[in-house]
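Here the structure is laid out as structure tokens; the discussion comes afterwards.
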Amino acid sequence: MSKNEEAPPLDFIRQIVANDLATGKHGGKVVTRFPPEPNGFLHIGHAKSICLNFGVARENAGGQCNLRFDDTNPLKEEDLYIQSIRTDVKWLGFDWQEHMYYASDYFEPLYQFGERLIQDGHAFICELNVEQMREYRGTLTEPGRESPWRNRSSQESLGLFRRMRAGEFPEGRYTLRAKIDMASPNINMRDPVIYRILHAHHHQTGDQWCIYPTYDYAHCISDALEGITHSLCTLEFEDHRPLYDWILDRLEGVVGCHPQQIEFSRLVMEYTVVSKRKLNALVRSGVVDGWDDPRMPTISGLRRRGYTPAAIREFCRRIGISKTPNNVELSLLESCIRDDLEQHAPRAMAVLDPLKVVITTVDPDHCQALTAANHPQNPEMGSRSLYWMREIFIEREDFAENPPKQFKRLVPGGEVRLRHAYVIRCDEVIKDPASGAVLELRCSHDPNTLHANPTDRKVKGVIHWLPVQRSRQAEIRCYETLFNTPNPDEAWQGEDFMRLINPNSLQILSHCRIEEGLQNSPAGTIFQFERQGYFCLDSKHATAERPVFNRTVGLRDSWGKQQNKGD
RNA sequence: UGGGCCGUCGCCAAGCGGUAAGGCCCCGGAUUUUGAUUCCGGUAUCCCCAGGUUCGAAUCCUGGCGGCCCAGCCA
């Protein structure tokens with residue numbers, strides 16, 4: 001294997017998996033799962049977990065990754081989310097095949113195991129209410145006290161558990177608790193509740209149940225029942241692992257296997273919040289258009305913004321997997337989408353802020369088709385026609401009466417190349433006498449410069465343009481970060497988050513010009529508007545009559561950067 | 001002197017006792033009908049700090065310091 005073909009180093013989880021495979025620990029199998037709770041939309045942080053779980057399965061022969069909805073809390077969950085989660089996982093390019101499950105599929109065995117734990121003396125029915133339980137739990141530095149119901153007989157607990165299931169009691173009256181250790185320094189081990197009464201309709205099981213298992217109880221058993229080998233989750237569950245193992249140890253011989261829980265650090269990214277509560281607040285306040293607003297870090301938002309599945313997967317690959325607290329820069333995500341779109345997005349021209357130019361050397365009725373390649377490096381992407389006519393638009397910022405140093409665009413008396421067309425010279429600047437604003441430019445073109453550069457002089461700049469007649473008006477939405485601080489999560493206090501919102505996060509330009517025909521592309525089509533960036537035909541607001549494009553990301557802009565240095 | 005986890009370049013991240021990979025960002029320079037792309041080149045004598053073990057330590061030991069998570073009948 002040559003040097004640059006070397007496989008990249010495996011992250012610590014993949015190392016564990018590879019090692020387990022080598023030693024035959026799980027019978028040579030790799031089964032993972034992605035276990036979202038259907039209580040919200042998937043976001044970029046979920047993408048990291050999806051890429052890890054499905055990735056590990058895909059990379060190993062015979063590997064499998066289940067999609068499992070962790071639906072143990074009917075009060076917070078909805079079927080709507082199940083649909084959107086399925087859509088997003090598929091869109092990201094992953095396939096659970098026939099392995100889509102619900103934790104609620106296991107409610108019956110979960111209940112039976114509960115009876116068994118009671119019979120074996122490992123669980124009891126408790127009558128403490130929420131406040132009492134909090135008092136009995138102790139604190140981080142003081143041990144808790146045992147519930148007065150802890151030592152009631154198994155028979156009594158069993159009877160009560162059955163009556164709980166039968167619906168004889170109101171919510172909160174009883175709970176089923178694991179009997180572990182109230183003095184444990186790990187609070188999760190202080191006789192945690194594993195079943196509670198909830199007279200709630202469940203989106204999958206309807207009114208079949210009025211007692212529901214908690215996450216800690218349901219998750220480990222669900223994993224075991226599905227034959228999961230490696231149960232990958234984020235760091236905040238590290239303290240839960242002893243409980244995960246404790247439950248499965250009590251059920252040894254009853255459930256077939258004992259998966260290994262491994263934790264990794266969750267994704268934290270600059271300028272973004274990801275908690276359901278905060279995302280919800282943004283939606284409710286109307287700061288954003290909805291969960292799929294192109295500024296949202298949701299998968300649907302990224303999709304609408306123009307991010308591709310491949311770019312998101314590449315991002316997840318580049319950030320890696322570790323246990324280190326992290327704060328990933330936005331530039332890394334942007335680099336991923338640029339890399340993808342640079343190769344795949346067809347080029348087109350758009351003028352965001354049009355300035356009219358009359359080419360005095362072209363007849364009023366002249367219309368010449370010029371061929372423009374759709375991609376400078378990839379001829380297979382074909383070409384299209386641009387029409388050379390007397391009246392055109394150029395970008396207002398591509399002309400300067402008093403150019404800054406190094407400016408290589410159009411100036412009075414100067415020349416510039418129009419991309420895919422001719423070199424023009426600016427002969428006259430027409431201004432509004434009152435305001436002094438530039439209204440129009442009069443230019444002449446050099447007919448010998450179509451596919452050739454002049455030999456007697458050097459023309460340094462190339463700018464984009466569009467014919468007035470054969471171009472179309474469009475709305476273009478340019479986005480910046482939603483927040484004006486790189487760490488909105490920290491800065492976010494209570495309900496007061498408006499002060500964190502970047503007032504320029506959305507700029508709507510409604511008088512842009514685009515090449516004719518672009519508006520008929522399917523929603524979601526992405527173009528590179530040359531010299532500007534990547535733009536995606538909006539899937540929500542665009543019509544053929546009124547095209548709307550979202551700027552996915554701008555091109556790298558070394559000129560703009562250089563300009564800003566001077567400020 | 002509650003428990004758990006983490007600390008390698010501005011940001012991610014390899015490294016697993018043999019003398020600091022890679023990516024992003026940044027800075028030079030070449031090519032360019034996108035100030036894009038591409039292409040070269042540069043960027044940690046040092047791995048939170050202090051001791052120790054060793055011929056040799058980012059990697060082992062000891063002691064500090066800093067950060068994150070946990071007191072839901074949420075997940």
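Just so we're on the same page: letters track the sequence lines, and every chain starts at 1.
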Aromatic ring of A/W559 stacked on base six-ring of B/rG35, 5.5 Å, 30°: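 So yes, this residue stacks on that base, both cut-offs being met.
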Shortest side-chain distance from [X], nucleotide among [options]:
X      : options                : answer
A/E238 : B/rC5, B/rU34, B/rC24  : B/rC5
A/K408 : B/rU34, B/rG35, B/rA75 : B/rG35
A/E342 : B/rA36, B/rA75, B/rG35 : B/rA36
A/F407 : B/rC73, B/rG35, B/rA71 : B/rG35

Below 4.0 Å: OP1/OP2 of [N] and any side-chain N or O of [X]:
X      : N      : answer
A/R317 : B/rG23 : no
A/R556 : B/rU37 : yes
A/R134 : B/rG72 : yes
A/R137 : B/rG72 : yes
A/S558 : B/rA36 : yes
A/R531 : B/rG35 : yes
A/T139 : B/rG2  : no
A/R266 : B/rA75 : no

Using atom types as modelled and distance alone, determine if a side-chain donor or acceptor of A/T449 lies under 3.5 Å from a backbone N or O of A/D446.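 Side chain of A/T449 to backbone of A/D446: a pair is present.
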Could you tell me whether the side chain of A/N186 and the main chain of A/D239 form a donor-acceptor pair under 3.5 Å?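 Confirmed, A/N186 side chain pairs with A/D239 backbone.
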Quick one: label [X] by what it contacts on the DNA or RNA (base, sugar-phosphate, nothing), any heavy atom closer than 4.0 Å.
X      : value
A/V462 : sugar-phosphate
A/Y174 : nothing
A/N39  : nothing
A/M133 : base
A/H451 : base
A/P192 : nothing
A/H240 : base
A/T72  : sugar-phosphate
A/Q406 : base

Separation of [N] [atom2] from [X] [atom1] (nearest whole Å):
X      : N      : atom1 : atom2 : value
A/M189 : B/rG3  : CE    : C1'   : 12 Å
A/W465 : B/rU34 : CH2   : P     : 16 Å
A/E314 : B/rG22 : CD    : P     : 17 Å
A/Y215 : B/rC74 : OH    : C1'   : 11 Å
A/I194 : B/rC73 : CD1   : C1'   : 12 Å
A/R241 : B/rC70 : CZ    : P     : 17 Å
A/N564 : B/rC26 : CG    : P     : 12 Å
A/D557 : B/rU37 : CG    : C1'   : 14 Å

Taking only the [atom1] atom of each, what is the distance from [N] to [M] in whole angstrom?
N      : M      : atom1 : value
B/rG17 : B/rC47 : C1'   : 15 Å
B/rG15 : B/rU59 : C1'   : 8 Å
B/rU37 : B/rC24 : P     : 11 Å
B/rA71 : B/rG66 : C1'   : 24 Å
B/rG7  : B/rG64 : C1'   : 14 Å
B/rU54 : B/rU62 : C1'   : 16 Å
B/rG35 : B/rG29 : C1'   : 15 Å
B/rG10 : B/rG4  : C1'   : 30 Å

Regarding [N], can its base be found pairing with the side chain of [X] as donor and acceptor, where the two atoms are less than 3.5 Å apart?
X      : N      : result
A/R347 : B/rU34 : yes
A/D239 : B/rG3  : yes
A/Q343 : B/rU37 : no

Which residue in the set A/L466, A/I476, A/D353 passes side-chain contact (heavy atoms from CB on, under 4.5 Å) when paired with A/C512?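 For A/C512, the side-chain contact (heavy atoms from CB on, under 4.5 Å) check succeeds only for A/I476.
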Aromatic ring proximity, centroids under 6.0 angstrom, A/H420 and A/W465: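 No.
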Tell which nucleotide pairs with [N], taking only Watson-Crick or G-U wobble pairs whose two distances are both under 3.5 angstrom.
N      : answer
B/rC25 : none
B/rG72 : none
B/rG66 : B/rC6
B/rG17 : none

RNA chain B: 5'-proximal contact among A/L198 and A/H375 (nearest heavy atom):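 The 5'-side residue here is A/H375.
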Heavy-atom pair of closest approach, residues [X] and [Y]:
X      : Y      : answer
A/G114 : A/Y217 : N-OH, 2.9 Å
A/S335 : A/R318 : OG-NH1, 3.0 Å
A/S265 : A/K48  : O-NZ, 2.6 Å
A/A345 : A/R347 : O-NE, 3.2 Å

What does nucleotides 9-19 of chain B look like as a protein-contact string, B for base, S for sugar-phosphate only, - for none, at under 4.0 angstrom between heavy atoms? -BSSSSSB---
[Y] side chain reached by [X] side chain, heavy atoms, under 4.5 Å:
X      : Y      : value
A/D181 : A/R190 : no
A/L279 : A/P297 : yes
A/F315 : A/I337 : no

Check A/K460, A/R425, A/K458 against A/E415 for a salt bridge (Lys or Arg N to Asp or Glu O under 4.0 Å) and give me the one that passes.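 Exactly one candidate clears the test, A/R425.
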Please confirm whether A/R145 makes a cation-pi placement over A/Y136, using NZ or CZ under 6.0 Å from the six-membered ring centre and within 45° of the ring normal.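 Because its charged atom sits under 6.0 Å from the ring centre and within 45° of the axis, A/R145 does stack over A/Y136.
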Since syn is defined as within 90° of 0, does B/rG42 count as syn or as anti?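 Anti, which is what one calls it when the glycosidic angle falls more than 90° from 0.
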Pair A/E236 + A/R266: basic N to acidic O under 4.0 Å: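 Looking at A/E236 and A/R266, the cut-off is met.
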When you compare the protein's N or O atoms with those of nucleotides 57-60 of chain B, which come within less than 3.5 Å of each other, and at what distance?
none

